[in-house]
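Take a look at the structure below.
Below, chain A is the first sequence line, B the second, and so on; all start at residue 1. Not measured: the values here are computed from a predicted model.
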Amino acid sequence: MRRALWIIGFLALQAACIWMVQPDLARLWAGLPRLAGWIVGGFPPDFSGFGDLAARAAETVAVATLGTTLAAVLALPLALAAARPANPVPWLYHPVRTLLDALRGIDGFVFALILVAAVGLGPFAGMLGVALHSAGSLGKLWSEALEAADPAPMEAARSAGAGRAQAAAVVLLPETLPQTASATLYVWEFNIRASTVLGLVGAGGIGQELKNAVDLLDFSRVLAILALIVAMTLAADRLSAALRARLL
Amino acid sequence: MLKADPGLVVRGLGATLGGRAVLRDVALDVAPGEVVAMTGASGAGKTTLLRAIAGLLPATGTIRAGGQPALVFQQHALASRLTARDNVLVGGLRRIGFWRAALRLWPRKELQEAEACLDRVGLAGLGLRRADRLSGGQRQRVAVARALHQRARILLADEPVASLDPALAEGILSLLRDLARRDGLAVLVSLHQHDLADRYADRLLHLEDGCLRTA
């Protein structure tokens with residue numbers, strides 16, 4: 001009975017989603033030849049002016065890297081306040097956790113869209129967008145690592161007369177470094193992928209080139225840019241995985 | 001005139017955990033230079049008593065001590081990624097400002113004192129080794145050194161040899177006794193092993209149903 005209710009609930013959810021999305025296989029079927037034509041017509045990819053493309057790709061990496069760094073700076077005090085063993089001001093616990101959820105809930109792309117209007121076009125707005133969203137993600141991941149840490153060393157420090165924040169800084173942060181550093185690398189790697197589309201809202205990086213190529217229906221160029229994005233994200237994946245393996 | 005060290009004096013101590021009275025009207029004295037061992041079944045309240053004396057649990061009654069007692073935890077409670085010396089320095093955090101400690105800008109005097117504490121527990125030269133690369137006996141010695149670095153006159157040890165083999169256990173208890181004799185510390189240690197308690201303590205106490213009796 002219980003299982004049947006679960007199955008009925010799941011099917012009802014899927015039905016509601018289908019009603020809202022209205023998937024249309026006929027439209028997909030009709031569009032496939034057009035898509036195939038674009039892909040075939042895109043060969044060979046157009047890598048002319050590779051230096052400019054590479055510079056845009058580097059800009060994407062810079063946006064992700066600086067955004068993650070700023071996010072880490074913002075996330076540190078928030079994570080400490082959102083972790084019970086480290087929080088010296090208990091009433092801040094729930095408001096800070098809510099703030100972290102809010103920051104995480106708004107995508108970096110949306111932040112960038114708003115920030116482009118506030119600070120102007122370019123990678124600076126993109127970097128700020130990435131930083132705000134990632135501060136929420138990092139704060140949440142770090143606070144969970146802090147809360148899961150062995151409480152005994154903290155208790156020993158507290159019994160020796162250390163304040164909660166002092167004990168957290170001296171004992172808890174070094175103890176959770178493998179987890180927090182690994183989470184930071186994961187967020188950085190995610191940000192490189194996410195930053196590739198920031199150019200669509202004028203927030204710099206290789207996404208800007210992609211948008212220009214799509215607008216001009218220049219599919220040889222689109223393929224070249226996609227190849228560069230794949231190479232860049234794979235490289236970031238590998239580097240991040242290698243560093244995480246060393247940390248854990 | 002110097003005030004005489006009172007050692008540890010506990011009177012009428014009571015403690016409640018989860019609505020259950022774990023300790024009732026406990027009275028005990030530990031003189032400077034004396035080692036008192038406390039035995040009792042698991043759950044008898046040994047850890048609760050030590051934690052109450054250390055100020056980690058709320059308790060009723062009076063505790064008179066020449067300063068804040070230092071507690072050596074059962075499973076050493078070291079920060080595994082910190083060096084032995086940094087773990088010892090944790091014992092002195094009360095004396096160091098937040099930023100100096102957070103940025104690891106330890107005062108020279110604290111560093112020298114931490115090294116001296118490691119020396120006192122027989123770990124000279126191992127200060128820069130990470131805690132997770134030390135043996136079980138060495139870790140417990142670091143925990144004792146951390147307690148010494150608190151400059152406490154009273155050392156409380158909660159089953160400090162529970163996870164050690166017999167030879168290492170004797171080494172730790174011998175160290176605690178030496179510290180009591182040499183430095184005049186008042187040492188209260190909880191133990192499961194009656195034979196070790198007999199050999200290394202000056203007096204034995206037995207905790208049963210929340211009450212402390214002479215064994």
Side-chain angles (χ1 to χ4, degrees), chain A residues 72-90 92 142-185 243-248, chain B residues 47 50-57 67-83 86-106 110 114 117 130-132 139-140 142-152 154-156 158:
Chain A
V73 172
L74 296 172
L76 180 61
L78 295 174
L80 289 170
R84 287 188 202 278
N87 181 349
V89 190
L92 270 177
W142 288 1
S143 66
E144 281 169 3
L146 294 171
E147 290 204 322
D150 177 9
M154 264 297 274
E155 192 178 29
R158 300 273 290 138
S159 81
R164 196 177 286 272
Q166 192 187 29
V170 176
V171 172
L172 203 51
L173 290 179
E175 283 298 272
T176 54
L177 189 62
Q179 292 80 23
T180 52
S182 174
T184 310
L185 282 168
L243 289 172
R244 281 208 305 270
R246 287 190 63 144
L247 282 166
L248 291 172
Chain B
T47 297
L50 292 173
R51 292 168 72 89
I53 296 171
L56 295 176
L57 285 177
Q68 169 69 22
L71 178 60
V72 178
F73 291 76
Q74 189 174 348
Q75 296 292 339
H76 51 72
L78 298 184
S80 57
R81 292 178 55 81
L82 296 186
T83 63
D86 280 354
N87 269 291
V88 175
L89 284 160
V90 166
L93 284 178
R94 181 198 297 274
R95 302 186 290 270
I96 302 169
F98 174 84
W99 288 109
R100 284 202 82 139
L103 299 172
R104 300 280 195 286
L105 299 170
W106 305 110
E110 290 289 328
C117 288
R130 254 172 60 160
D132 57 3
R139 286 180 205 185
Q140 201 55 286
V142 174
V144 174
R146 179 179 58 197
L148 293 176
H149 194 53
Q150 285 181 240
R151 299 179 188 165
I154 294 156
L155 209 57
L156 310 169
D158 185 10

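No donor-acceptor pair closer than 3.5 Å links the side chain of B/Gln68 to the backbone N or O of A/Ala160. Checked by atom type and distance alone, the side chain of A/Glu155 never pairs as donor or acceptor with a backbone atom of B/Ala77 at under 3.5 Å.
Residue B/Arg95 does not touch chain A at all, counting heavy-atom pairs closer than 4.5 Å. When heavy atoms are compared at a cutoff of 4.5 Å, B/Leu82 approaches chain A by way of both its backbone and its side chain. For B/Ala102, the parts lying under 4.5 angstrom from a heavy atom of chain A are both the backbone and the side chain. In this structure, the portion of B/Phe73 lying under 4.5 Å from any heavy atom of chain A is its side chain and not its backbone.
For the set A/Ala157, A/Gly161, A/Ala162, A/Ala149, the count of heavy-atom pairs under 4.5 angstrom toward chain B peaks at A/Gly161. Contact count versus chain A (heavy atoms, under 4.5 Å) is highest, among B/Leu71, B/Leu78, B/Asp86, for B/Leu78. Per-residue counts of heavy-atom pairs under 4.5 Å with chain A were compared for B/Ala152, B/Ala54, B/Ser80; the largest is that of B/Ser80.
In this structure, B/Arg104 and A/Ala169 approach most closely via the heavy-atom pair NH1-O, 4.1 Å. The nearest pair of heavy atoms linking B/Arg81 to A/Glu175 is N-OE2, 2.7 Å.
For the atom pair CD1 (B/Ile96) and CD (A/Gln166), the distance works out to 7.0 Å, reported to the nearest 0.5 Å.
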